[in-house]
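Since the model is a prediction, treat every value here as computed from it, not as a measurement.
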Amino acid sequence: MEPTISIGSGWKILEGMTINAYQTQQQVLEEILTQNLHTEYLSQFLNGHSDKEHFKTKVPVVDYEDIKPYMERIANEEPSNIILAETVTALTRSSGTSAGRPKLMPLTDSELDRRTYGRCLISSVINKFVDGLDQGKRMQLLFVRPEIKAPSGLPTRSILTSYLICKNFEKHESSLHTSPIATILCSDSKQSMYCQMLCALLQRNESMILNKPNPELADLIEDICNAKSWEGIIKKLCPGTKCIDAIVTGSMAQYIPMLEFDCGGIPLVSKCCASSEGLLGINLKPLSKPCDTCYTLVPNMAYFEFLPVHENNEEERSKKEVIEVVDLVNVKLGQCYELVVTTFIGLYRYKVGDILKVTGYHNNAPQFQFVRRKDAFLSIDSEKTAEDELAEGILQAKLFVGQFQLQLVDYTSAVDISLIPGHYILFWELKMEESSKSPELRPSIIEECCYIVEQSLNFVYRASRMGNSIGPLEIRVVKHGTFDALMEFSVSKGFSVSQYNTPRCIKLEEALKILNSRVVGRYFSQQLPGYKILKWKLNKSM
C-alpha cells in the first residue's frame, strides 16, 4: 500500500474502490483471514478454513471486553501471534473520553503505512474541492503524550503520538504544517501550543523565521484580539485561510454556531470519520453544509459489517434472538446500524460502538452520518436516553436561551441516584454572547430549559417522570473555565489534547467532583413533561 498519493490519482483510487466495493471487501477479508488463520484466536473458530461462510457463521461478533484478555496477554509478554500474525511494534491507547474507558490496541508497521495512505486519500479529496489549498500550509495543533512501557517492553501511547513520531509523518507530512516538527514533539503541551501558535501567526501571510522581534506584527495581533467583537477573528488573524477542519457531527454539532461566528464565512470541513480502530469513511463533499455532512466508507481499510439498530431503545435484544449482521453492500437506506469491523490489526467482527445512519451511496459504497456512541446514555429506571437524543434536547434549550443573549459554552450530563427517585443532571457552562463573562441568571429561564430538555426526550422517560419513578431534571450551572479544567484533568491522566472531546455522560467520580466543586447555581424542572414532543422555535418577534 503506497503511502503517497497525488490529488488526481487519489480520487481515481476512491472511484475505483467504491465502484467495486463488493469485490474490494471480499479481497480485504480474504487477505486478513489468510494472513491470520493460524493465530490462537481464529484457530478456535475456523479450524483451518478461511472461506467467508465459515467466518460469518463461526466467528462471533464481539466487543472490547471479549478481546481485552488478548490485549493484556500481549502487554504482559506473550507473543502477538495469539491474535495476529504480524509483529506488534507498539500498543495504542484510546482517549477513553467517548466510551468512558481507554482501550489497548495492537500497532504494526503496516498499520502505520495504512494510516498514512488513508491520510493521503483524505488530502487528495480536500485539495480537489478547495482551490489553492495545496499551495499553502496547514495550521493544526498537534500534540504528543509521553509513552509508557508495558511489562513486555512494548511502548504504549496514543495512536496520534505513534503516528507523529513515525518516519512516515516526518517524510510525507511535516513540511506541510506551519508547526516545525520540534514544536509538535515537545512533551510540554502548554509550551508546544504556544510555539505552534507563534509559528502559525508568523506565517499568517507568508513564511517567516523569527530571528528578531517583530513589534509591528505583535501590535497588529494585539489590536485584532482587543477588538470589541471576535466575529471573524480567524480570517483577521490568518487572512489566507481556505477552510477550517472541524468535527461537526454528533454531539460536536453544538459548536457549529460558535465556529461560524469565529470563522467569518470560511467553510467548515469535516473531512473524515475515524476511530481508534482505523479510518472508516471520507467526506467526498467536503464543502457541503455541516448539517449535510456524510462519509463514504472506504472499502479497502477494513472488512465492514453492520448490526441493525432498532429505534425506541430496542437495541438490547433478547440473547435468544438471532443477530443478523449484513455486509457493506446490503445495508438499507435510512436504517441505523452499529458498525462491526474486521481489521488488519487483529480485530475480528469487532463492534466499534459507533451508531451510523445510511444516507445514500457513492457508486456502490454506502454513505453514512455519525449518529452517536452506543454506550453513551443515561438511565435510571427502564428508560435509556442516548447521546444524540440528549443533544437534540440541548439544541432546543439553546434556541430558547439565545433570546436572552446567553450562549451555552459546553455541557455534560450525569445521573443522581443518591435520592429516590433518581434524576438526570446537566452541567452547563454559560456566558453572555460576545463576552467571556459569566452571566447573571434568572431562575425562570434555566428552569424553563429543564422543561424544554425533558419535553424533548423519549416517551419512556416522559412516562417515567409522570409516574414519579424519575425525578425532575436538574441543570447545574458551573463557573467559567470549568470544562477547560475537565480537559486538563483528562490530560493529566495521560490523554492526548488532540484526541480529547468532552464526554457527554460523566461516570468517573473524580470528574464529577471537579464539576460539582464549580457549581454556582442549581435549577430544576418545574413542570411535568407531556406525551407530545415539543420543538422550540425561535420567536422572531421577541
Side-chain angles (χ1 to χ4, degrees), residues 1-37 42 45-46 48-59 61 84-86 108 110-111 113-122 124-125 128 272-275 277-285 294-308 324-333 335 337-352 354 356 358-368:
M1 187 172 284
E2 177 56 44
T4 55
I5 302 170
S6 67
I7 297 173
S9 64
W11 187 260
K12 288 180 181 177
I13 290 170
L14 284 166
E15 283 292 287
M17 279 195 294
T18 53
I19 289 171
N20 300 298
Y22 176 80
Q23 295 88 336
T24 303
Q25 283 280 277
Q26 304 318 301
Q27 292 169 5
V28 166
L29 181 60
E30 181 180 0
E31 182 180 348
I32 293 172
L33 293 181
T34 301
Q35 183 174 328
N36 299 290
L37 183 62
L42 284 180
F45 303 115
L46 296 179
H49 297 281
S50 61
D51 58 283
K52 181 181 174 182
E53 276 306 309
H54 271 83
F55 173 77
K56 298 276 277 188
T57 57
K58 301 296 185 181
V59 178
V61 175
L84 76 161
E86 190 176 355
T108 64
S110 64
E111 179 62 18
D113 288 342
R114 190 169 291 103
R115 299 260 175 173
T116 306
Y117 173 84
R119 290 169 75 97
C120 290
L121 279 179
I122 295 165
S124 70
V125 173
K128 175 180 173 64
C272 69
C273 181
S275 67
E277 295 76 18
L279 174 65
L280 305 178
I282 297 176
N283 184 357
L284 299 185
K285 294 182 179 179
C294 64
Y295 309 97
T296 301
L297 280 164
V298 185
N300 72 341
M301 285 290 119
Y303 181 70
F304 297 108
E305 296 178 276
F306 300 83
L307 184 59
E324 183 182 353
V325 185
V326 300
D327 291 338
L328 176 146
V329 294
N330 294 320
V331 296
K332 296 179 180 178
L333 193 65
Q335 172 71 49
Y337 296 91
E338 182 178 2
L339 184 63
V340 177
V341 298
T342 296
T343 73
F344 292 89
I345 57 169
L347 305 178
Y348 309 104
R349 309 199 85 188
Y350 174 81
K351 293 190 287 185
V352 174
D354 289 342
L356 312 176
V358 179
T359 58
Y361 286 86
H362 181 81
N363 296 321
N364 295 312
Q367 295 177 312
F368 65 89

Are the side chains of [X] and [Y] in touch, meaning some heavy atoms are under 4.5 Å apart?
X: Val125; Y: Asn283; result: no
X: Ile282; Y: Thr296; result: no
X: Tyr337; Y: Lys332; result: yes
X: Glu338; Y: Asp354; result: no
X: Phe306; Y: Leu339; result: yes
X: Leu280; Y: Met301; result: no
X: Gln367; Y: Thr359; result: yes
X: Pro299; Y: Val28; result: no

Which pair of non-hydrogen atoms, one from [X] and one from [Y], has the smallest distance, and what is that distance?
X: Val329; Y: Ala21; result: CG1-CB, 4.4 Å
X: Cys273; Y: Leu279; result: O-CD1, 3.8 Å
X: Val298; Y: Met17; result: CG1-CE, 3.8 Å
X: Thr342; Y: Arg349; result: OG1-N, 3.0 Å

With side chain to side chain contact (heavy atoms under 4.5 Å, CB included) as the criterion, how do Trp11 and Leu284 come out once you've worked through the C-alpha distance, each side chain's angles and the decisive distance to 0.1 Å? CA-CA 9 Å; Trp11 187 260; Leu284 299 185; 4.0 Å; yes
Quick one: does any side-chain atom of Asn36 pair with a main-chain N or O of Ala85 as donor and acceptor, under 3.5 Å?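 Pair found, side chain donor or acceptor close to backbone of Ala85.
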Look only at the side chain of Asp327 and the backbone of Asn330, and say whether a donor-acceptor pair between them is shorter than 3.5 Å.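 No, because the side chain of Asp327 does not come within donor-acceptor range (under 3.5 Å) of the backbone of Asn330.
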[atom2] on [Y] to [atom1] on [X], rounded to 0.5 Å:
X: Gln25; Y: Phe304; atom1: CD; atom2: CZ; answer: 6.5 Å
X: Leu121; Y: Ile13; atom1: CG; atom2: CD1; answer: 6.0 Å
X: Leu29; Y: Ser50; atom1: CG; atom2: OG; answer: 9.0 Å
X: Leu37; Y: Phe55; atom1: CG; atom2: CZ; answer: 11.5 Å
X: Tyr22; Y: Leu328; atom1: OH; atom2: CG; answer: 11.5 Å
X: Glu15; Y: His362; atom1: CD; atom2: NE2; answer: 3.5 Å

Using the test ring-ring contact (aromatic ring centres under 6.0 Å, His included), find all partners of Phe368 that sit at least two apart in sequence or belong to another chain.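 Checked Phe368 against ring-ring contact (aromatic ring centres under 6.0 Å, His included); matches are Tyr295.
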Taking ring-ring contact (aromatic ring centres under 6.0 Å, His included) as the definition, give me every residue that meets it alongside Phe45, ordered by chain and number, with sequence neighbours left out.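 Residues passing ring-ring contact (aromatic ring centres under 6.0 Å, His included) with Phe45: Tyr41.
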Heavy atoms from other residues, nucleotides or ligands near [atom1] of [X] exceed 12 (cutoff 6.0 Å):
X: Lys285; atom1: NZ; value: no
X: Glu30; atom1: CD; value: no
X: Lys58; atom1: NZ; value: no

Evaluate the side chain to side chain contact (heavy atoms under 4.5 Å, CB included) criterion for residues Glu86 and Phe344: first the C-alpha distance (whole Å), next the side-chain angles of each, then the deciding distance (0.1 Å), finally the verdict. CA-CA 9 Å; Glu86 190 176 355; Phe344 292 89; 6.0 Å; no
Taking atom types as modelled, is there a side-chain donor on Thr343 or Glu277 under 3.5 Å from an acceptor on the other?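 Per modelled atom types, Thr343 and Glu277 side chains form no pair under 3.5 Å.
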Residue that, paired with Tyr348, satisfies side-chain contact (heavy atoms from CB on, under 4.5 Å) out of Val340, Val341, Leu46, Leu84: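 It is Leu84; the other options fail the test.
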